[in-house]
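Below is one structure, written out as structure tokens; the observations come after it.
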Amino acid sequence: MESESEPYVRLASLRQLHQVMADMNTARSLADTLQTVANGVVTALGYELACVNLVRPDGDLVVAAFSGNQAAEALITGRVGSRESWERRLGMGETWGDLVFIPHTEGWVLDDDDVPQWYTDGPAPRFEDEWHPSDRLFAPMYTPGVQGGQCGELIGVLSVDRPRNGRRPGAWGREALQMYAFQAAIAISNARLRSNMQRALVRLEREQQALRASEESFRQAFEYAPSGMAIAEMGGDQHGRILRTNDALCRLLGRPASAMRRYSFSDLVHPEDIGTLLRTSAEGGRAELRLGRRDGTYVWVSLRNSVVADAADGPRFLLTHVEDIEERKRRELQLAHRASHDSLTGLPNSAELRSRLSSRLCQRPTHTGALESVDAAFGHPAFDADGHGFDFRQGGAAAFDAFDHHVHTVAPEGERDDGSKGLAVLFCDLDGFKSINDRFGHNAGDAVLIEVARRLSQCVRDGDTVARLGGDEFVILADGLGKADAADLAVRLRNEIIQPIRAEGRAVRVGASFGIGWAHCGMTADEVLKSADERMYVEKRSRPKQHRRAG
């Protein structure tokens with residue numbers, strides 16, 4: 001192209017340059033684009049050698065394409081020149097617009113740097129504008145879109161050598177090379193973008209395939225899990241609404257999947273377990289609670305929630321695992337019942353009796369001296385006229401926070417019934433029981449104890465406790481009774497007990513002695529039981545022996 005007189009360039013040469021530029025932008029890959037760039041310099045711009053040095057991610061430049069000499073291509077393609085050496089080259093010599101020309105008179109200092117290069121032989125120049133074999137011409141390529149080019153990011157350098165006409169390029173040749181470098185930078189950037197997009201598409205497709213496989217694995221694991229699984233909404237107006245269930249959960253609750261989607265877990269849980277469910281949902285934890293079946297019964301389940309969150313929108317739904325623990329819970333309840341109940345009569349045993357009694361009592365002082373000390377410490381009474389604790393949190397005091405919700409137990413005062421109510425403790429000891437054991441055997445004695453337990457349980461109110469303390473001793477806890485009420489209850493119980501009892505094929509009778517004690521806070525359970533026991537012995541000794549047992 002340079003052999004033609006400027007500015008009279010043949011149209012065929014322009015067409016050739018245009019075709020080369022078009023080929024650059026239609027290459028299929030980055031490697032094809034780079035080779036097309038190198039070939040275009042040789043084909044359209046009239047140079048015998050062309051090299052594309054591409055900037056790597058680490059900043060150094062690698063020989064990515066070479067054209068014009070197969071021996072040189074095999075020797076230097078893939079070799080790397082440091083960024084420091086390249087910046088030194090681009091910063092010296094003459095600047096022809098965006099081009100950098102280093103004449104042989106200066107270029108000798110570059111012979112020993114680490115930039116890959118090919119030496120060509122030839123005679124020394126005879127004319128001023130003749131090309132010397134050691135002349136160097138570089139066309140830097142910058143990222144497109146920045147006016148002036150050099151303000152952009154360096155992405156590579158075109159190295160050209162030995163113009164076919166043997167002369168240094170003139171104005172048109174320089175402009176053509178500069179234009180070509182600019183178009184090559186665009187083509188390389190586009191090729192890189194396409195390559196990155198292709199890699200991203202391949203990666204996305206692989207991720208989608210993995211996601212589809214994961215979703216299918218999850219679906220199969222969800223659908224065919226041997227225990228119940230459910231997905232429920234989290235947050236919003238539909239919080240807790242069941243979106244999806246597996247067959248195992250539908251079988252467990254006896255409800256079809258279509259019906260399950262009309263409920264939330266709060267609709268299915270036992271009313272006593274609703275607080276446990278709410279805590280579990282909020283924390284994404286686990287709990288044991290009861291869920292309602294279609295037939296109206298409840299089944300114990302272990303419920304484990306996992307909060308599935310979205311990085312952008314926050315929590316989205318709950319993945320709930322529901323395991324049937326009815327059999328285990330039944331065994332646990334049976335073991336707990338055995339540990340807290342008498343094996344013969346089925347009544348609460350001594351340990352359970354003390355536990356229930358202790359749960360009603362606190363160790364707050366109730367005697368006058370202790371109250372006076374509390375009054376002095378806080379400046380106002382510790383208890384009101386009904387025995388309830390005042391709130392001392394005003395001003396920062398919190399001495400009795402633990403008892404804010406405690407129903408204080410107070411015993412009726414004096415011998416006369418003043419109408420006050422309390423927690424009555426009736427201590428019952430059977431009269432004549434030992435003689436039944438001695439005469440008729442322990443089987444008859446066990447039958448008597450079982451029947452006495454049944455009669456006592458039938459004569460008390462719901463919520464009262466009838467316990468077997470041991471041997472032939474029973475204790476009744478009855479709350480909210482006055483002195484007359486407790487005495488009447490003792491009479492009714494005694495009258496029931498003295499009725500004939502069928503044991504081992506014969507009718508036998510036992511009597512009963514009752515002692516009535518009163519529980520109040522400040523006492524221990526043992527102190528309350530001891531008080532009732534002592535009153536029982538007083539009552540037993542006060543009655544003639546012949547009246548202690550009827551028959």
Side-chain angles (χ1 to χ4, degrees), residues 340-342 345-367 386-388 403 406-431 433 449 452-498 510-543 548:
S340 61
H341 288 71
D342 176 49
T345 64
L347 297 178
N349 59 18
S350 175
E352 178 67 12
L353 170 68
R354 285 174 166 79
S355 175
R356 295 187 184 184
L357 183 54
S358 297
S359 68
R360 284 296 317 277
L361 304 175
C362 67
Q363 294 306 305
R364 290 174 67 172
T366 57
H367 59 276
D386 296 326
H388 298 90
F403 306 107
H406 176 70
V407 179
H408 199 57
T409 302
V410 180
E413 297 288 345
E415 294 296 330
R416 299 178 60 184
D417 189 354
D418 58 359
S420 60
K421 308 291 185 180
L423 175 57
V425 181
L426 284 69
F427 199 106
C428 171
D429 181 78
L430 300 183
D431 298 329
F433 177 75
L449 293 175
V452 168
R454 187 189 67 82
R455 294 180 182 182
L456 291 174
S457 298
Q458 285 186 336
C459 289
V460 299
R461 305 163 302 176
D462 292 340
D464 291 345
T465 296
V466 178
R468 182 186 177 197
L469 195 60
D472 60 349
E473 296 178 335
F474 297 84
V475 173
I476 297 92
L477 303 182
D479 203 358
L481 298 185
K483 284 184 174 291
D485 299 328
D488 289 343
L489 176 59
V491 171
R492 292 201 312 271
L493 295 176
R494 181 183 296 110
N495 290 338
E496 282 293 323
I497 291 173
I498 65 176
V510 292
S513 298
F514 282 86
I516 303 175
W518 297 93
H520 61 77
C521 288
M523 298 178 68
T524 65
D526 286 336
E527 289 173 343
V528 175
L529 293 174
K530 181 180 179 181
S531 172
D533 185 24
E534 290 173 349
R535 292 175 184 269
M536 183 273 298
Y537 275 107
V538 170
E539 196 267 348
K540 183 185 288 286
R541 286 193 295 268
S542 67
R543 293 166 52 221
R548 295 179 192 169

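These numbers were taken from a predicted model, which means no experiment stands behind them. All values below come from the heavy atoms of this structure, side chains included, with hydrogens, waters and symmetry mates left out.
- Residues Leu469 and Arg354 have side chains in contact (heavy-atom distance under 4.5 Å, counting atoms from C-beta outward).
- For the pairing with Ile476, the side chain to side chain contact (heavy atoms under 4.5 Å, CB included) check across Thr465, Leu493, Ile516 returns one residue only, Leu493.
- In this structure, the side chain of Ser457 engages the main chain of Ala453 through a donor-acceptor pair within 3.5 Å.
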Any chance you could lay out the side chain to side chain contact (heavy atoms under 4.5 Å, CB included) test for Cys459 and Val466, step after step, and finish with the verdict? CA-CA 10 Å; Cys459 289; Val466 178; over 6 Å; no
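- A 4.5 Å side-chain heavy-atom check between Leu456 and Ile497 finds at least one atom pair inside the cut-off.
- Taking the side chain as every heavy atom from C-beta outward, Asp472 and Asp431 never approach each other to under 4.5 Å.
- Leu353 places none of its side-chain heavy atoms less than 4.5 Å from the side chain of Phe474.
- In this structure, Phe514 and Met536 have side chains that are not in contact, with every pair of non-hydrogen atoms separated by 4.5 Å or more.
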What do the steps show when you test Lys421 against Asp479 for salt bridge (Lys or Arg N to Asp or Glu O under 4.0 Å), and what is the final call? CA-CA 8 Å; Lys421 308 291 185 180; Asp479 203 358; over 6 Å; no
Passes side chain to side chain donor-acceptor pair (under 3.5 Å), Thr345 versus Arg468? Steps please. CA-CA 8 Å; Thr345 64; Arg468 182 186 177 197; 5.3 Å; no
Trace of the side chain to side chain contact (heavy atoms under 4.5 Å, CB included) decision for Leu529 with Leu357: CA-CA 9 Å; Leu529 293 174; Leu357 183 54; 4.2 Å; yes
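- Donor-acceptor pairing under 3.5 Å is lacking for the side chains of Ser513 and Asp429.
- When side chains are defined from C-beta on, Phe427 does not count as touching Glu534, because their heavy atoms never get closer than 4.5 Å.
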Go through Val475 and Leu426 one step at a time and tell me if the side chain to side chain contact (heavy atoms under 4.5 Å, CB included) criterion holds. CA-CA 6 Å; Val475 173; Leu426 284 69; over 6 Å; no
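- The closest donor-acceptor contact from the side chain of Glu527 to the backbone of Thr524 lies under 3.5 Å.
- For Lys530 and Asp533, the salt-bridge test fails: no basic side-chain N is under 4.0 Å from an acidic carboxylate O.
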Determine whether Val528 and Met523 satisfy the following criterion, side chain to side chain contact (heavy atoms under 4.5 Å, CB included), listing intermediate values before the conclusion. CA-CA 7 Å; Val528 175; Met523 298 178 68; 3.7 Å; yes
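- Rounded to the nearest 0.5 angstrom, Asp342 CG and Glu352 CD are separated by 12.5 Å.
- Contact annotation: the side chain of Leu477 never approaches that of Asp464 to less than 4.5 Å [non-hydrogen atoms, C-beta and beyond].
- Considering CG of Asp526 and OG of Ser531, their distance stands at 12.5 Å, rounded to 0.5 Å.
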Step by step, would you call Glu539 with Arg535 a salt bridge (Lys or Arg N to Asp or Glu O under 4.0 Å)? CA-CA 6 Å; Glu539 196 267 348; Arg535 292 175 184 269; over 6 Å; no
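- The two residues Gly517 and Ala532 come nearest to each other via the heavy atoms N-CB, 3.8 Å.
- Under the 3.5 Å distance criterion, the side-chain polar atoms of Ser359 are matched with a main-chain donor or acceptor of Arg356.
- Taking all atoms of both residues into account, the shortest heavy-atom contact from Trp518 to Ala424 is CZ3-CB, 3.6 Å.
- Salt bridge status for Glu496 with Arg492: absent, with no side-chain N to carboxylate O gap under 4.0 Å.
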